[in-house]
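Heads up, the thing below is written out as structure tokens.
Counting convention: from 1, in listed order, for ligands and their atoms alike.
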Amino acid sequence: MANTSYSSANANTQVITVRTLQKMKQAGEKFVVLTVYDASFAAIIERAGVEVLFTGDSLGMVIQGHETTVPVTMDNMVYHTSLVSRARKKALVMSDLPFMSFSDPARALDNATRLMQEAGAHIVKLEGGGEMVQVVENLAKHGVPVCGHLGLQPQAVHKLGGYRVQGREAEAAETMLADAKAMQDAGADMLLLECVPQQLAKTITDALTIPTIGIGAGRDCDAQVLVLYDLLGISHGHRPKFAKDFLRDVTKTDPDGEVSIEAAVRAYVQAVKQQQFPDDEHSFK
Ligand code: KIV
């Protein structure tokens with residue numbers, strides 16, 4: 001019998017595109033995103049079945065040791081994304097536009113051009129709600145695939161006064177839903193939801209035709225993302241509730257089995273595909 005799973009269909013040679021991911025949403029098949037900042041890890045996590053290699057500006061914290069993502073520059077993003085692209089075979093490469101690099105439509109277009117031309121990104125991600133509509137429209141109009149980012153926006157941490165769940169109050173939830181629809185209407189291809197109550201993330205996911213990628217947003221999103229260093233249990237400082245150490249997990253659950261970075265990433269991929277992750281312990285009510 002033919003295997004109709006999109007991830008299996010792509011397991012051999014077919015490259016993953018934003019269209020592949022949209023078809024996976026339509027088919028109800030979850031896909032997996034993981035942050036990655038260099039070629040060696042990119043090769044391992046792609047082999048483990050991750051569909052989207054995401055060079056996030058979290059590199060400012062986990063690679064560079066800053067307290068926030070605010071100091072990350074365009075040159076940093078171009079450098080790390082290009083290392084990932086060099087190792088990539090068929091996964092989609094997503095890259096973050098860092099703090100202030102998309103403050104107006106023309107600037108965003110110039111910097112997205114750098115991520116795509118110099119670094120090999122296939123899609124750019126940017127934080128922000130309704131105020132970003134013109135920026136997204138301009139990118140989409142020029143053929144740049146875009147992933148929006150709602151909920152907790154780490155680049156705004158100094159304005160927010162900390163890393164907190166977003167959208168708990170009715171008004172904030174309504175605004176987030178409206179912003180999500182506005183992003184889709186402006187031409188966004190995907191939407192990341194960070195630290196959002198599970199029910200609100202489900203409402204947004206159901207309301208959109210584009211896929212949602214959750215981190216601390218419950219199991220109903222179309223995809224999940226984690227920071228690689230959280231998954232490996234090697235992040236320093238505060239560990240968020242949604243972060244799960246899959247390396248420790250594979251060591252504990254199967255002490256005689258394979259204990260490796262690849263095995264830990266495979267466990268994450270399997271848990272997302274089978275909708276076992278995130279569970280209630282790693283989600284917000
Ligand atoms: O930069 C990053 O790692 C992110 C997370 C939400 C995955 O944006």
(message) Please check this pair: side chain of Gln198 against backbone of Asp220, looking for a donor-acceptor N/O pair closer than 3.5 Å.
(response) no
(request) State, without any angle test, whether Ser260 and Glu262 hold a side-chain donor-acceptor pair at a distance under 3.5 Å. (result) no
(message) Ignoring hydrogens and geometry beyond distance, is a side-chain donor-acceptor pair present between Tyr229 and Thr35 at under 3.5 Å?
(response) no
(request) Can you see which heavy atom on Asp279 is nearest to which on Arg219, and at what distance? (result) CA-NH2, 3.6 Å
(message) Treating Gln166 as the side-chain partner and Arg164 as the backbone partner, does any N or O pair qualify as donor plus acceptor under 3.5 Å?
(response) yes
(request) Please name the residue in the list Tyr268, Phe277, Phe242, Phe246 that meets the ring-ring contact (aromatic ring centres under 6.0 Å, His included) test with His282. (result) Phe277
Kindly print each ligand 1 N/O atom paired with any protein N/O atom under 3.5 angstrom away, one pair per line, or none if nothing qualifies.
| residue | atom | partner | partner atom | Å |
| --- | --- | --- | --- | --- |
| ligand 1 | 1 (O) | Asp57 | N | 3.1 |
| ligand 1 | 1 (O) | Asp57 | OD1 | 3.1 |
| ligand 1 | 1 (O) | Ser58 | N | 3.0 |
| ligand 1 | 1 (O) | Ser58 | OG | 3.3 |
| ligand 1 | 1 (O) | Asp96 | OD2 | 3.2 |
| ligand 1 | 3 (O) | Ser58 | OG | 2.5 |
| ligand 1 | 8 (O) | Lys125 | NZ | 3.4 |

